[in-house]
Amino acid sequence: MSKKILIDTLYINSGGGRSILFEIINYLRLNNKLMDFYFLFDNRLLIETSSLDEINHEFLSPSLINRKNFYKQNIRKYRSLVCLANIPAPINVEIPVFIYFHNVLLLEPFNRFQNFNIQLSNFFKKKYIKFKKKSSYKWIVQTDLMKSKLKSKLKINDENIQIMPIFNNTKSQNNLKSKRSFLYISNYSSHKNFERLINSFVIYGNEHNESLEINFTLDSISFEKLLKNKKVPQTINFINHGEISYHKVNNLYKKINFLIFPSLNESFGLPLIEAVNHECKIIAPNLPYVNQVLIPTLNFDPYSTSSIVSSIKEATGNLNLKPSKIIIENKIDTFVKYIYENI
């Protein structure tokens, strides 16, 4: 039996990384290629048991020691390696290595929006990545912006970096949307700009006697802290759905009219694309990570509460808003072909 390709997804359990992982699995299943691959999953990953059918896999507790031990014991079984979670192989390997890099915070660890512990953690991760990278490794990113940062911050040669965004481009139509509903898909982090967003809706509610619904997907502790001591007008309904599955997120997109996305720094901003595919109108900051992937319905200044309030007012008051438009292509087929061709 021929050797399989190892896809190491350790450290991926939520967010954009999880979405990329599921898209790869779905593509390989639809194209009858799953048997060529072996998946190393993070044991925190929530995945339905039925989704594991036909997948060669095992779950592992995410730690450097566990990962290194797995590689020492098993890496000779495989003909190539795909590191899907930014981090190169923990030991020297003789097979072709591909690293799908999708976390800009690891390239810019001292981000003023992160607390010091996270900054320090990202700093050491960046050091580790630089120490473990090899000139033969192939790197894959989602945008030209990420390619530029990878070249600059990790000193990767241009010819070793490919741009291959991976996302679900299936269109959802005839969605029954609540006209005055907003959604922000994100976990909590300082750069996600939740405080300004919530204050903007509170201000809007105090200035306009109109009901609005704003949906979040935060853990309960973060949601409670954000709303603590906030005098929320009765017309403003903040709804938290908690950390929900990929399937439930898609169901939310179908019901919501506007995705509002105030994040100050993103590697890709996958919810922007997912929401457009579900006929949501996008309200987003005028920042490079947005402008490289889509043309939103409305822009705002993410550092200005008054600008966010104005965008909310425009969204709810203008009946002739243009739809948002995705300006990049899903390259999952190119990605899989690239892996096969470079074994």
Side-chain angles (χ1 to χ4, degrees), residues 13-16 18 44 46 103-105 108-122 178 180-246 248-249 251-253 255-266 269-272 275 280 282-285 287 289 298 300-316:
N13 62 89
S14 63
R18 181 182 67 174
R44 298 168 297 176
L46 296 178
N103 189 345
V104 69
L105 297 178
E108 301 168 338
F110 293 114
N111 185 310
R112 70 183 187 274
F113 305 111
Q114 301 289 334
N115 67 49
F116 180 73
N117 288 338
I118 294 176
Q119 290 183 34
L120 197 61
S121 174
N122 287 339
S178 174
R180 302 180 67 79
S181 59
F182 293 76
L183 171 65
Y184 185 21
I185 296 285
S186 178
N187 54 11
Y188 180 78
S189 187
S190 299
H191 73 280
K192 297 294 187 176
N193 212 8
F194 276 99
E195 189 76 26
R196 235 181 235 116
L197 181 67
I198 287 174
N199 288 340
S200 298
F201 276 106
V202 170
I203 292 170
Y204 180 89
N206 287 326
E207 294 178 350
H208 303 84
N209 188 27
E210 301 169 347
S211 296
L212 292 183
E213 172 189 307
I214 308 93
N215 296 263
F216 300 103
T217 56
L218 288 164
D219 66 275
S220 58
I221 294 174
S222 297
F223 183 68
E224 289 170 6
K225 283 183 178 179
L226 282 167
L227 290 186
K228 189 176 181 180
N229 300 324
K230 291 282 192 303
K231 294 182 179 179
V232 181
Q234 291 185 348
T235 53
I236 302 299
N237 186 17
F238 290 119
I239 302 172
N240 186 41
H241 300 269
E243 298 173 289
I244 56 178
S245 69
Y246 185 66
K248 289 182 179 179
V249 167
N251 284 338
L252 264 181
Y253 287 134
K255 300 174 184 177
I256 304 299
N257 201 20
F258 301 102
L259 179 84
I260 188 163
F261 204 83
S263 179
L264 302 170
N265 193 13
E266 293 289 323
L270 188 61
L272 298 170
C280 296
I282 308 301
I283 309 171
L287 292 175
Y289 80 82
L298 295 171
F300 58 79
D301 177 355
Y303 299 96
S304 168
T305 301
S306 62
S307 179
I308 299 174
V309 173
S310 295
S311 71
I312 297 169
K313 182 178 179 181
E314 176 74 5
T316 55

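Here, residue 1 is the first one in the sequence, and each next residue gets the next number. Computed from a prediction, not measured in an experiment: that's the story for all the values here.
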Item to check | CG-CG distance between L105 and N265, expressed to the nearest 0.5 angstrom | outcome: 5.5 Å
Item to check | Verdict with reasoning, V202 to I236, per side chain to side chain contact (heavy atoms under 4.5 Å, CB included) | outcome: CA-CA 7 Å; V202 170; I236 302 299; 5.8 Å; no
Checklist entry - How would you list, by chain and number, every residue that makes a side chain to side chain contact (heavy atoms under 4.5 Å, CB included) with R180, sequence neighbours excluded? => result Y204, E210, L212, T316
Checklist entry - Residues two or more places apart in sequence or in another chain: which of them pass side chain to side chain donor-acceptor pair (under 3.5 Å) with S263? => result E266
Item to check | L183 side, atom CG; I260 side, atom CD1 - distance, nearest 0.5 Å | outcome: 10.5 Å
Next on the checklist: If we ignore hydrogens and angles and just use 3.5 Å, is the side chain of Y188 paired with the main-chain N or O of I221 as donor and acceptor?
Outcome noted: no
Checklist entry - Does P302 reach the side chain of I308, with side-chain heavy atoms less than 4.5 Å apart? => result no
Checklist entry - Taking only residues two or more places apart in sequence, or in another chain, which ones meet N240 in a side chain to side chain contact (heavy atoms under 4.5 Å, CB included)? => result F216, L218, F223
Item to check | Under the ring-ring contact (aromatic ring centres under 6.0 Å, His included) test, residues paired with F300 that sit two or more places apart | outcome: none
Next on the checklist: According to side chain to side chain donor-acceptor pair (under 3.5 Å), who are the partners of N251, at least two apart in sequence or on a separate chain?
Outcome noted: H247
Checklist entry - Which residues pass the salt bridge (charged side-chain N to carboxylate O under 4.0 Å, His left out) test with E314, sequence neighbours left out? => result none
Next on the checklist: Rounded at 0.5 Å granularity, tell me how far CD1 in I256 sits from CD1 in I185.
Outcome noted: 8.5 Å
Checklist entry - S186 and K192: which non-hydrogen atoms are nearest, and at how many Å? => result OG-CD, 3.0 Å
Checklist entry - Measuring from L226:CG to N199:CG, what's the distance to the nearest 0.5 Å? => result 9.5 Å
Checklist entry - Can you tell me how far OG of S311 sits from CZ of F258, rounded to the nearest 0.5 angstrom? => result 10.0 Å
Checklist entry - Backbone N or O of N117 within a donor-acceptor pair of the S121 side chain at under 3.5 Å? => result no
Next on the checklist: Once side chain to side chain donor-acceptor pair (under 3.5 Å) is applied, do any residues pair with S310, and if so which ones, sequence neighbours excluded?
Outcome noted: none
Next on the checklist: Tell me every residue that passes side chain to side chain donor-acceptor pair (under 3.5 Å) with S222, counting only those two or more places apart in sequence or in another chain.
Outcome noted: D219
Next on the checklist: How long is the straight-line distance from CD1 of I283 back to OH of Y184, given to the nearest 0.5 Å?
Outcome noted: 13.0 Å
Item to check | For I244, all residues meeting side chain to side chain contact (heavy atoms under 4.5 Å, CB included), sequence neighbours excluded | outcome: T217, H241, K248, V249, L252
Next on the checklist: Does any part of the side chain of E108, heavy atoms only, come nearer than 4.5 Å to the side chain of N122, both counted from C-beta?
Outcome noted: no
Checklist entry - Side chain of N13, backbone of R44: donor and acceptor closer than 3.5 Å? => result no
Checklist entry - Considering residues at least two apart in sequence or located in another chain, which fulfil the salt bridge (charged side-chain N to carboxylate O under 4.0 Å, His left out) criterion with E207? => result none
Checklist entry - With D301, which residues qualify under side chain to side chain contact (heavy atoms under 4.5 Å, CB included), at least two apart? => result Y303, S304, S307
Checklist outcome for this item: Sequence neighbours excluded, the answer for salt bridge (charged side-chain N to carboxylate O under 4.0 Å, His left out) partners of K230 is E195
